[in-house]
Amino acid sequence: MPVRRGHVAPQNTFLGIIIRKFEGQNKKFVIANARVQNCAIIFCNDAFCEMTGFSRPDIMQKPCTCDFLHGQLTKRHAVAQIAQALLGSEERKVEITYHRKDGSDFLCNTHIIPVKNEEGVVIMFILRPFNQIKCSLLGSTSDSNLTKYSTINKIPLITLNFSETNNEKRPPSPSSSEKTIIAPKVKDRTHNVTEKVTQVLSLGADVLPEYKLQTPRINKFTILHYSPFKAVWDWLILLLVIYTAIFTPYSAAFLLNDLEEQKRRECGYSCSPLNVVDLIVDIMFIVDILINFRTTYVNTNEEVVSHPAKIAVHYFKGWFLIDMVAAIPFDLLIFGSGSEETTTLIGLLKTARLLRLVRVARKLDRYSEYGAAVLMLLMCIFALIAHWLACIWYAIGNVEKPYLEHTIGWLDNLGMSIGKQYNYSDPSSGPSIKDKYVTALYFTFSSLTSVGFGNVSPNTNSEKIFSICVMLIGSLMYASIFGNVSAIIQRLYSGTARYHLQMLRVKEFIRFHQIPNPLRQRLEEYFQHAWTYTNGIDMNMVLKGFPECLQADICLHLNQSLLQSCKAFKGASKGCLRALAMRFKTTHAPPGDTLVHCGDVLTALYFLARGSIEILKDDIVVAILGKNDIFGEMIHLYAKPGKANADVRALSYCDLHTLEREELLEVLDMYPEFADYFWSNLDLTFNLRDDNAKVELHLNIKLYCTVLTLTVNGFLSVITAFAWALAC
C-alpha cells in the first residue's frame with residue numbers, strides 16, 4: 001500500500017486547532033464569524049451547552065450579543081461593554097450576570113478575543129468565560145486558581161455563547177434599549193487587536209490565526225515524510241542497514257583476531273577500509289536520528305503532524321532507543337585497550353547494529369505489493385540467515401580449536417583436506433579467511449536445504465548441537481518459504497492485485513475524461529484513503545450475502561452509536577429501530593470535499609458520525625458542525641423537498657449517515673405512533689432549506705387558495721341563479 005500522506009486537501013487548520021485545544025482543556029467557549037450579519041455563532045462546544053441548558057440547534061446562527069442569556073439581573077452597563085468590544089474589535093473581559101434556560105442566574109467574567117487573518121482583518125471572535133471569584137479568596141484569575149476555588153464556593157465554570165431568546169418562558173429580558181446594541185456586519189475590523197490571542201490559545205509561535213482554507217504551514221527545517229528527499233534518504237539508510245547486516249557478523253567472527261588487532265594498533269585506526277566504512281555508517285546513523293527528529297508523521301486522525309515538539313515526543317516513544325543503540329560507535333569508545341576480552345566485547349557490541357533490521361522489516365510491507373520483489377526478498381532473507389549461521393559456525397570452531405586435545409574440529413579437517421594445516425607456532429598458518437568463510441557458508445546452505453553431504457561434518461559436541469539447530473531451522477524455512485511460495489503470494493497480495501486493478505480503472509477514467517490536476521489529486525487521494533479504510537471490501541455486497549433478519553441485526557449494530565446518541569430515536573421500538581437501521585447509508589468524505597452544493601435538492605437527512613464540516617454561504621463560514629450534529633430540512637413540514645441554501649464542505653475525514661426522505665417517511669408511516677415523537681424531538685443543528693423557496697411555497701398556497709375561493713364563489717352563484725330560475 002502507498003505511504004499515508006495525511007491531509008493533502010486544503011483544510012481550515014486554525015479552527016480545528018482552536019477546537020481541539022479548548023476541548024482538550026475542558027473549556028467552555030463559542031466561536032462567532034465577524035464577517036456575517038450580527039456576528040452569528042458558527043460553533044459552540046458541548047460543555048457550553050451543558051452549562052447553559054441550551055442545545056446546539058438553539059445556539060447556532062444566533063447573534064453574538066448574547067441577549068438570550070439576559071434576564072432581570074443582567075446589567076445594562078455590562079451589555080454595553082460587550083457590544084462596544086464587538087463593535088470596536090477589542091479584546092476585553094466583562095463581568096456580567098446571565099440566566100440559564102431554566103431561569104437560574106450565574107456570574108461570569110467573559111473574555112472576548114478578536115482574531116485577525118494574515119491581512120490584518122478581524123474575521124472571528126472567540127468567547128470563553130472565567131468564574132468570578134471574590135478578591136478575598138483569589139489574587140489572580142488563572143484557570144488553575146479558578147478551578148481550585150470553584151469547588152470551595154460551589155461556583156460552576158461559566159462560558160459565554162451567542163444566540164437569541166427562545167420562545168420558552170423564562171425571566172424577562174432587559175429593556176429594548178439594551179437589545180438594540182447589535183454588532184453589524186463587519187468587513188474591516190483592524191484596530192485594537194493585540195497579539196495576546198496567541199498567548200491565550202497557547203498555540204505556539206508558528207501558528208497564525210488564519211480563518212480560511214490553507215495548506216498546513218511547515219517549518220523550513222521540517223521534512224515531509226513523503227518528500228523525495230526522505231524517500232532517497234530511506235533507501236540510503238536501507239543500503240547501509242543491509243551492509244551492516246552482512247559485514248557486522250562477518251567482522252565480529254572472522255576479522256577480530258589477535259593478528260588483525262595487533263596490525264591495527266601498529267598502523268592506526270584508519271588503515272583498515274572496513275573501519276573507515278564502519279565510521280561512516282555510524283555517522284550516517286546519527287544523522288538519521290537527527291533527521292527523524294524533524295520528519296513529519298501521520299497521527300491517528302490522518303493528520304500530518306509538523307510541530308517539532310510533537311515529532312520529538314512521537315520519536316522518543318517509538319524507535320529512538322533502537323536507533324540510538326544501533327548508532328553507538330562501540331569500537332571507537334573502547335579503541336586501544338588491546339586485550340582479547342576487549343576484542344570479543346567489541347565484536348558482540350557491534351552486533352547491536354542489527355537492531356536496525358527491526359525498522360526495515362516494519363517498512364517492507366510497503367513494497368510487498370510486487371510479486372517479483374517478494375520472491376527476491378524471501379531469497380535474500382534465506383541467504384542472510386545462512387550467512388549469519390556461517391559466522392556462528394566458524395566462531396564455534398575457532399573458539400574450540402585451541403582447547404581440543406585432538407585435531408577433530410571442522411577447521412582442522414578443512415586444513416588437512418586442502419593442504420593448509422594449522423601450525424600453532426605460526427599464527428598465520430591454516431586456511432585463509434576466504435577458504436574458511438566459503439566452507440562455512442557451504443555447510444550452512446547444505447544443512448538448511450537438506451541434511452548436508454558429509455564432506456564438511458560436525459565432530460565435537462558443540463558442532464553437533466549447532467548442526468541440529470541449523471537443520472531444524474532449515475526444515476522450518478524450507479517448508480514455510482520455498483514449499484509455499486505461491487500460496488504466500490496469493491494470500492498476501494490478492495488484495496493488492498484488486499487495489500491495482502481498481503486504481504488502474506480510476507487512472508483510466510481520469511485520462512479518458514481529461515480531469516485537471518487538482519480534481520485528479522482529490523480523486524486519487526479519496527480512493528487511496530477509502531481503500532485503506534475498507535481494505536477494498538464492498539460492505540454492501542457483504543451485507544447482502546446474509547438473510548434479511550441478520551442484515552437488520554448487523555445494521556442495528558453498525559448504527560448503534562447514532563441511534564443511542566440522537567434523542568429523536570430514543571422513543572422508537574426495537575422493530576422501528578431495525579427498520580431505520582436497514583435504511584441508513586454511510587458516506588465517507590475526505591477533507592475539502594463538498595457534500596452538498598448550494599441549490600441542490602435536499603433528498604435526505606444527514607447525521608455526522610465522525611469528523612467536522614463547515615457550512616458556507618457566499619464563501620463565508622456560517623457554521624461548523626461536529627460529531628452527532630444533524631443537518632438537512634424538516635421533511636414533514638413540506639410536501640416536496642427543498643433546495644439547499646449553502647454549501648457543505650468537509651474539514652476532515654468524515655463519516656456521515658444519510659437517511660433518504662422517502663425511506664424515512666415510509667418507516668414513519670409503518671410506525672405512526674413513533675412519528676410524532678420523532679418530529680418533536682428532532683433538533684436540526686443547521687437547516688439547509690432555502691428560505692426563498694419557503695416564501696415561494698407560501699405564495700403559491702395563497703394563490704391556490706384565492707383561485708379556489710373564486711371558483712367556489714362562482715359555482716355558488718351559478719347554483720343560486722339556477723335555483724331562482726326554477727322558482728320562477
Side-chain angles (χ1 to χ4, degrees), residues 41 43-62 68-69 100-103 161 163-170 552 555-587 596 602-610 613 615 623-639 641-642 644 648 655-689 691 694:
I41 287 186
F43 180 83
C44 64
N45 66 342
D46 294 335
F48 173 76
C49 296
E50 294 175 1
M51 183 269 300
T52 60
F54 289 91
S55 63
R56 293 188 68 183
D58 295 333
I59 299 170
M60 298 291 285
Q61 296 299 295
K62 300 302 188 293
F68 73 104
L69 289 177
R100 298 184 181 89
K101 189 174 183 178
D102 60 4
N161 80 340
S163 74
E164 60 189 8
T165 308
N166 250 358
N167 294 329
E168 297 183 12
K169 184 177 179 180
R170 66 155 102 57
C555 292
L556 191 62
H557 170 73
L558 296 177
N559 299 280
Q560 183 177 7
S561 60
L562 169 63
L563 297 175
Q564 291 179 351
S565 61
C566 183
K567 64 179 182 180
F569 297 111
K570 292 183 179 179
S573 62
K574 189 173 181 180
C576 181
L577 291 178
R578 289 163 61 90
L580 288 170
M582 287 282 289
R583 287 160 174 81
F584 273 114
K585 296 180 181 178
T586 301
T587 303
V596 179
L602 299 175
T603 60
L605 276 178
Y606 299 87
F607 302 83
L608 189 55
R610 183 177 72 100
I613 63 173
I615 299 178
I624 297 176
L625 307 185
K627 184 179 179 181
N628 296 330
D629 283 336
I630 308 171
F631 61 96
E633 68 169 348
M634 299 300 288
I635 296 174
H636 67 295
L637 298 180
Y638 310 99
V648 180
D655 289 333
L656 295 100
H657 299 290
T658 60
L659 193 56
E660 294 294 328
R661 173 191 178 95
E662 299 300 330
E663 294 183 347
L664 175 60
L665 294 176
E666 179 186 355
V667 173
L668 295 180
D669 287 340
M670 292 188 296
Y671 298 90
E673 68 280 1
F674 170 66
D676 292 337
Y677 179 88
F678 177 80
W679 295 122
S680 60
N681 288 275
L682 179 65
D683 290 332
L684 288 182
T685 310
F686 193 92
N687 194 339
L688 282 176
R689 189 177 180 91
D691 293 334
K694 188 188 301 182

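Scope of the values below: all heavy atoms of this structure, side chains included, with no hydrogens, waters or symmetry mates.
Sorted by first and then second residue, the side-chain hydrogen bond (donor to acceptor under 3.5 Å, both in side chains) pairs involving residues 571-580 (not counting sequence neighbours) are Asp553-Arg578.
Under the side chain to side chain donor-acceptor pair (under 3.5 Å) criterion, Ser561 pairs with no residue at all, not counting sequence neighbours. Scored by the side chain to side chain contact (heavy atoms under 4.5 Å, CB included) test, Gln560 finds His557, Gln564 as partners (sequence neighbours excluded). Residues meeting the ring-ring contact (aromatic ring centres under 6.0 Å, His included) test with Phe686, sequence neighbours left out: none. For Asn628, the side chain to side chain donor-acceptor pair (under 3.5 Å) test picks out Ser565, with sequence neighbours left out. Partners of Glu666 according to the salt bridge (charged side-chain N to carboxylate O under 4.0 Å, His left out) rule, which considers only residues two or more places apart in sequence or in another chain, are Arg583. The ring-ring contact (aromatic ring centres under 6.0 Å, His included) check on Tyr671 picks up nothing, with sequence neighbours excluded. The side chain to side chain contact (heavy atoms under 4.5 Å, CB included) check on Cys555 picks up Leu543, Asn559, Ala581, Met582, with sequence neighbours excluded. Residues satisfying the salt bridge (charged side-chain N to carboxylate O under 4.0 Å, His left out) test with Asp683, not counting sequence neighbours, are Lys567. With sequence neighbours left out, Leu558 forms a side chain to side chain contact (heavy atoms under 4.5 Å, CB included) with Ile554. Here Thr685 pairs with Asp629 under the side chain to side chain donor-acceptor pair (under 3.5 Å) rule; sequence neighbours left out. Legend: residues meeting side chain to side chain donor-acceptor pair (under 3.5 Å) with Thr603, ordered by chain and number and at least two apart, are absent.
Closest heavy-atom contact between Phe54 and Arg100: CE1-C, 4.4 Å. Here the closest non-hydrogen pair linking Gly632 and Leu605 is CA-CD2, 4.3 Å. Scanning both residues, Leu608 and Gly626, for their nearest heavy atoms gives CD2-O, 3.1 Å. In terms of heavy atoms, Ala623 sits closest to Met60 at CB-CE, 3.6 Å. In terms of heavy-atom proximity, Pro641 sits nearest to Leu602 at CB-O, 3.2 Å. Taking every heavy atom of both residues into account, Cys49 and Arg56 meet most closely at SG-CG, 3.4 Å.
Aromatic ring orientation, Phe569 versus Phe674: parallel (interplanar angle below 30°, classes split at 30° and 60°).
Put simply, CD1 on Ile615 and CG on Leu625 are 4.0 Å apart, with the number rounded to the nearest 0.5 Å. The distance from atom CG of Leu682 to atom CE of Met634, rounded to the nearest 0.5 Å, is 4.5 Å. How far CE of Met670 is from CG of Leu580: 8.0 Å, rounded to the nearest 0.5 Å. Considering CG of Leu556 and CZ of Phe584, their distance stands at 10.5 Å, rounded to 0.5 Å. Annotation: the span from Leu656 atom CG to Tyr606 atom OH amounts to 8.5 Å, rounded to 0.5 Å. We find the CG-CG distance between Leu665 and Leu659 to be 9.0 Å, quoted to the nearest 0.5 Å.
The closest side-chain heavy-atom distance from Asp58 to Lys101 is below 4.5 Å. Side-chain contact between His636 and Phe678 is absent, with no heavy atoms from C-beta onward closer than 4.5 Å. A 4.5 Å side-chain heavy-atom check between Phe68 and Lys62 finds every atom pair outside the cut-off.
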| request: May I have the step-by-step check of side chain to side chain contact (heavy atoms under 4.5 Å, CB included) for Gln61 and Asn687, ending in yes or no? | output: CA-CA 10 Å; Gln61 296 299 295; Asn687 194 339; over 6 Å; no
